[in-house]
Amino acid sequence: MASTSAPAPPALPGVADSVLDLIGETPIVRLRRLSPAGGPQVLVKLEGRNPGGSAKDRPALSLVQDAEASGALAPDAPIVESTSGNTGIGLALVGRLTGHPVVIVHGGAMSPEKLTLLRLYGAELVEADWLAGPDDPGNPRAVADRIAAERGGWRSHQYDNPANPGAHYRFTGPEIWRQTGGAITHLVAGIGTGGTISGTGRYLREVSHDRVRVVGANPAGSTYAGGPSGTIRVEGVGTTWPSSHWPRNLDTAVPHEIRTIPDEAAFAALRRLAEEEALLLGPSSGLAVAAALELAAGLGPHDVIVAVSPDSATNYLTELSR
Ligand code: PMP
């Protein structure tokens, strides 16, 4: 009988063992034209260069590894998550390579590209009603809970599970510190689950003895900055709390301020990134860069702003080609 565990082939320098080893170590690029003349450098960390195409590969791997280690996720048990897309793609990728089927409950607001990617990674897709309130059994989180209970599955609870900000604390923050030689003065990140800003921001504040200022970017229509809730056009960020869940992963002590960015400013920044920097990024990257440019207007030449770009335009080709 053929052995199922053939001896591992010898490691080769420069060759990753699987795409899981390609998660992280994403590049940072200077915005040469968008950075204001005589003002601060505005830099962008390109998280779309992760193998699954977004920053969410990092927490997806940490969430699964943590749950496997604690026994919460049994071998071969399904991973069940309600998500607007990138976490689902990250989990689907990680699930493929760790032997877990993946069920993604979505609210019907996901881009067609993300749905296709999820299918190609082999995830099972279930549509639920994202307009249903937190106590409604039809809302995506409730549907995901029910499916997990029925199938002995594990819910990653990305909004509340500390492994999400933990991945950014362990990896994204140290990378930015190292890549900028400790010169970063401001971090700008959009807020969805809060994982990116809380984990990366906490690390950068600690390592810099609280010199780095952390700025959250909040899309119009989201209540993270205290304003009224409305329709959120930028995918992957914002909350309509109190009519939806408030993420425990948003550590409100980390950001020094949260700026609300109008849709026009986010999409204008997205167009300028394409036209002037040849960077094709997703709408929430436009949001973060718009906030970074707003911030840059009040800063000097010694300041170094890093905006996190969570994903690239490839996830939104249909919407962006309209
Ligand atoms: N942008 C996009 C496109 C995302 O998918 C997410 C994750 N929901 C974010 C930004 C926000 O990241 P976080 O959940 O870490 O706050």
Side-chain angles (χ1 to χ4, degrees), residues 26 44-50 52-63 81-92 104 106-107 109-111 113-115 117-118 130 140 156-173 187-203 214-219 222 224-225 232-241 244-252 254-255 258 261 266-267 269-270 280-291 307-316 319-320:
T26 56
V44 179
K45 182 142 175 84
L46 299 172
E47 287 290 293
R49 299 277 291 262
N50 280 298
S54 86
K56 286 296 183 173
D57 288 0
R58 299 174 186 267
L61 182 59
S62 287
L63 287 159
E81 187 52 280
S82 72
T83 160
S84 69
N86 283 329
T87 299
I89 293 167
L91 288 171
I104 298 299
H106 65 103
M110 212 189 303
S111 74
E113 285 77 7
K114 287 184 189 168
L115 283 173
L117 288 167
L118 283 167
W130 69 284
S156 81
H157 291 298
Q158 60 158 337
Y159 286 89
D160 302 324
N161 188 327
N164 168 7
H168 293 291
Y169 181 85
R170 282 171 58 212
F171 300 109
T172 319
L187 173 78
V188 181
I191 308 173
T193 64
T196 305
I197 196 160
S198 305
T200 312
R202 186 159 70 84
Y203 177 85
V214 178
V215 178
N218 179 56
S222 157
Y224 279 137
I232 302 172
R233 212 184 131 203
V234 180
E235 222 172 283
V237 280
T239 182
T240 53
W241 183 86
S244 68
H245 183 73
W246 179 273
R248 256 180 267 158
N249 279 335
L250 174 58
D251 181 348
T252 52
V254 171
I258 298 178
I261 305 296
F267 283 91
L270 197 61
L280 301 182
L281 305 179
S284 67
S285 306
L287 176 88
V289 169
V308 178
S309 160
D311 65 2
S312 79
T314 43
N315 279 350
Y316 312 92
E319 186 188 345
L320 296 178

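When a ligand or atom number is given, it counts from 1 through the structure's own listing order. All values reported here derive from a predicted model rather than from experimental measurement.
- At least one N or O atom of K56, backbone or side chain, sits closer than 3.5 Å to an N or O atom of ligand 1.
- The N86 neighbourhood of ligand 1 comprises atoms 2 (C), 3 (C), 4 (C), 5 (O), with distances under 4.0 Å to a heavy atom of that residue.
- Distance check: Y224 OH to I197 CD1 gives 10.5 Å after rounding to the nearest 0.5 Å.
- Close N/O approach between V237 and ligand 1 is not found [any backbone or side-chain N/O within under 3.5 Å].
- Using a distance-only test at 3.5 Å, with no hydrogens or angles considered, a donor-acceptor pair links the side chain of S111 to the main chain of K114.
- For the atom pair CE (M110) and CG (L117), the distance works out to 10.0 Å, reported to the nearest 0.5 Å.
- With a heavy-atom cut-off of 4.0 Å, D311 touches ligand 1 through its side chain alone.
- Close approach to I191 involves these atoms of ligand 1, each under 4.0 Å from a residue heavy atom: 16 (O).
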- Check the pair L91, S156 against side chain to side chain contact (heavy atoms under 4.5 Å, CB included), reporting the backbone distance first and the verdict last. CA-CA 9 Å; L91 288 171; S156 81; 4.0 Å; yes
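- At a cut-off of 3.5 Å, with distance as the only test, no side-chain donor of S198 or N249 sits close to an acceptor on the other residue.
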- Message: side chain to side chain contact (heavy atoms under 4.5 Å, CB included) for T26 and T172? Distances and angles first, verdict last.
- Response: CA-CA 9 Å; T26 56; T172 319; over 6 Å; no
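- Annotation for ligand 1: atoms under 4.0 Å from non-hydrogen atoms of Y316 are 3 (C).
- Atoms of ligand 1 lying under 4.0 Å from any heavy atom of E235, numbered from 1 in the order shown and given with element: 2 (C), 3 (C).
- Taking each of V234, T193, T172, N164 in turn, the one with a heavy atom nearest to atom 13 (P) of ligand 1 proves to be T193.
- Near P310, meaning under 4.0 Å from any of its heavy atoms, are these atoms of ligand 1: 1 (N), 2 (C), 10 (C).
- Considering backbone and side-chain atoms alike, G192 places an N or O below 3.5 Å from some N or O of ligand 1.
- Between K114 and ligand 1, not a single N/O pair is under 3.5 Å apart.
- Using modelled atom types and a 3.5 Å distance limit, the side chains of Q158 and T87 yield a donor-acceptor pair.
- Here the side chain of D311 pairs no donor or acceptor atom with the backbone of G53 at under 3.5 angstrom.
- Looking at ligand 1, you'll find an N or O of G194 within less than 3.5 Å of one of its N or O atoms.
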